[in-house]
Amino acid sequence: MITKDTGNYLFPEGFLWGAATAAYQIEGSSMADGAGASIWDRFSHTPGNMRDGDTGDVACDHYNKWREDIQLMKRLNLQAYRFSVSWSRVMPEGRGAINEKGLAFYDRLVDGLLEAGIEPLCTLYHWDLPAALDDRGGWLNPDIADWFADYGQVLFEKFKGRVKTWGTINEPWVIVDGGYLHGALAPGHRSAFEAMIAGHNILRAHGAAVKRFRQVGEGDIGIVLNIEPKYPASDRPEDEAARRRADAQMNRWFLDPLMGRGYPQELEDVYGEAYRDFPQADFDLIAQPTDWMGLNWYTRSVPENAPDAWPVRARPVKQVQHAHTETGWEVYPPALTDTLVWLHEQTNGLPLMITENGSAWYDPPHAIDGRVHDPMRVEYLKNHLKAAHDAIGKGVDLRGYMAWSLLDNLEWSLGYSKRFGITHVNFQTQERTIKDSGLLYAEVIKSNGGVL
Ligand SMILES: OC[C@H]1NNC[C@@H](O)[C@@H]1O
Ligand SMILES: [Ca+2]
């Protein structure tokens, strides 16, 4: 592998290098040891929802292989590991009783990480809502703000002094756009009216958890947003208007209220009669000051005006001049630099962390001679780390980078067909093999970017 240290892309001293996963995508054993079902247990077991009928019943069997996976993290020189907790493992009904065995899994994991010198970054919620709460309306029920804060308190107290960096909710936009607007993700609803309500309650729950954290927690807390920058397909006014709608519906819907600016005005243009406003007290709760913000970044899009494309009336124009990943995402690293600079400004210089970045490419189902050559992922990783470095050079306070993902895993309704891992998983044998991209990443970390 590369050993030359150019020194051209050295990252700041103390920059935090890690990798990310999420509970339902890697753990398996989702009903073990008293755990309750989540909406993803139900959604994945409902015929027609999942590519190839895949479910998270086994996934990467991380629930049993977590020690081996920590050893894998050490071979990758990881300094940090971003994971999420399954709410229904810890609280089977989502509220009230605590399942000590479920909590004990995360307790062992956190201690194992600390013993390995790897900093645990904990996300409270990465899409796997307890089914029992969904039965009570889930994100449509305003009470969920308190349910979520109570759940957060269990973890804040349990891991006080061991977990110092907390993320409340992963990607509110995907939860709502996928789960309540278009229905491609759990709980599979399709309603703009519900989308507005669920989105608002997600933000309220975030605020309630931050408030509770200030009372009982210790360390830093923030939210994790997916941002996909929008570039107009042409300089025609209707395409610029489409860009503004797409930017408001995907990027500013959640960012603006979190920054105390309320919902972007274009949201009413997007949702029409489904748009509604809410009491100021909600917006005060939502805009609780946070200590950092996570950015999940994969690609950009180039929308044009499309009156028939419900509800945003914008359609991305495929940028055929650039490579596209297996998930159909354009590879365009400069847009990451743009997003980081934009987010730095939008948050008035809040410390940022890239909490997810990566790419799905075709990989073989098994390693060959103990190797998995993934040149496209190597290229994507190198170029996006350089783009992140460029943003730091422009004054962005970027604290770290978490590669998505540590392992090939369940890409939600796309099943195991999309491999994002820097480590290959043979799902027949559960054998892990560090891919070339992982080997490169280990060198990047060792040289703090020097090999780029
Ligand atoms: O699509 C790749 C990733 N995007 N952010 C959320 C993760 O759960 C996904 O696997
Ligand atoms: Ca579960």
Side-chain angles (χ1 to χ4, degrees), residues 18-28 30 38-41 43-44 49-51 54-56 59-60 62 81-87 121-129 167-179 182 184-187 202 222-229 250-251 254 293-301 316 324-332 335-336 339 343 353-363 374 376-377 380-381 384 401-425 427 437:
T21 64
Y24 191 73
Q25 295 182 267
I26 68 164
E27 289 177 359
S30 73
S38 75
I39 54 175
W40 273 94
D41 293 302
F43 191 80
S44 68
N49 284 340
M50 305 288 284
R51 175 84 63 92
D54 288 345
T55 77
C60 307
H62 177 73
Y81 171 56
R82 175 180 178 243
F83 66 97
S84 78
V85 172
S86 165
W87 186 345
L121 307 182
C122 181
T123 306
L124 296 180
Y125 185 75
H126 197 126
W127 306 2
D128 45 358
L129 186 73
T168 53
I169 291 171
N170 184 77
E171 300 179 349
W173 179 84
V174 181
I175 296 170
V176 180
D177 194 81
H182 294 292
L185 303 177
I202 284 172
I223 196 166
V224 175
L225 300 182
N226 61 288
I227 301 284
E228 181 182 281
M250 189 172 200
N251 300 323
F254 296 96
M293 183 173 286
L295 167 67
N296 289 359
W297 200 93
Y298 291 90
T299 188
R300 66 159 181 177
S301 81
H324 286 66
T325 69
E326 284 287 296
T327 47
W329 299 343
E330 180 194 8
V331 179
Y332 192 65
L336 172 57
T339 301
L343 197 54
M353 189 184 299
I354 294 174
T355 30
E356 290 181 24
N357 176 243
S359 54
W361 303 95
Y362 174 76
D363 294 323
D374 58 341
M376 297 301 284
R377 191 174 290 102
Y380 183 99
L381 176 61
H384 286 80
Y401 177 93
M402 303 293 135
W404 185 269
S405 176
L406 171 71
L407 301 168
D408 289 333
N409 61 50
L410 182 74
E411 181 54 23
W412 305 108
S413 43
L414 296 178
Y416 299 100
S417 68
K418 304 300 173 196
R419 292 175 176 267
F420 278 89
I422 57 175
T423 304
H424 179 275
V425 176
F427 289 105
S437 57

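Because the structure is predicted, anything quoted here is derived from the model rather than measured. The chain is numbered in sequence order, starting from 1. Counting starts at 1 for both ligands and their atoms, following the listed order. The analysis underlying the following values was restricted to heavy atoms, covering all of them including side chains, and did not include hydrogens, waters or symmetry mates.
In this structure, Phe43 and Ala184 approach most closely via the heavy-atom pair CZ-O, 3.5 Å.
Interface atoms of ligand 1 facing Trp329, defined by a heavy-atom separation under 4.0 Å, are 1 (O). For ligand 1, the atoms closer than 4.0 angstrom to any heavy atom of Glu411 are 1 (O), 2 (C), 9 (C), 10 (O). Residue Glu171 approaches ligand 1 through these ligand atoms, each under 4.0 Å from one of its heavy atoms: 4 (N), 5 (N), 6 (C). Ligand 1 places these atoms under 4.0 Å from at least one heavy atom of Trp412: 7 (C), 8 (O), 9 (C), 10 (O).
For the pair Tyr24 and ligand 1, no heavy-atom separation below 4.0 Å is found. Ligand 1 is approached by His126 to a heavy-atom distance shorter than 4.0 Å.
Some N or O of Glu356 is nearer than 3.5 Å to an N or O of ligand 1, by distance alone. Of the polar atoms of Asn170, none of the N or O atoms is found under 3.5 Å from an N or O of ligand 1, judged by distance alone. Polar contact check, Gln25 against ligand 1: a nitrogen or oxygen pair lies under 3.5 Å apart.
Tested against Asn296, the residues Thr355, Asn357, Asn226 include a single side-chain hydrogen bond (donor to acceptor under 3.5 Å, both in side chains) partner, Thr355.
Looking at Arg377 and Asp363, a side-chain N of the basic residue comes within less than 4.0 Å of a carboxylate O on the acidic one, giving a salt bridge. In this structure, Glu326 does not pair ionically with Arg419, as no charged nitrogen and carboxylate oxygen lie closer than 4.0 Å.
Tyr298 and Thr327 form no side-chain donor-acceptor contact under 3.5 Å, judged by distance and modelled atom types alone. In the model, Tyr81 has a side-chain atom that pairs as donor or acceptor with a side-chain atom of Thr21 under 3.5 Å.
Using bins of under 30°, 30° to 60° and over 60° for the plane-to-plane angle, the ring pair Trp412/Trp127 lands in the tilted bin.
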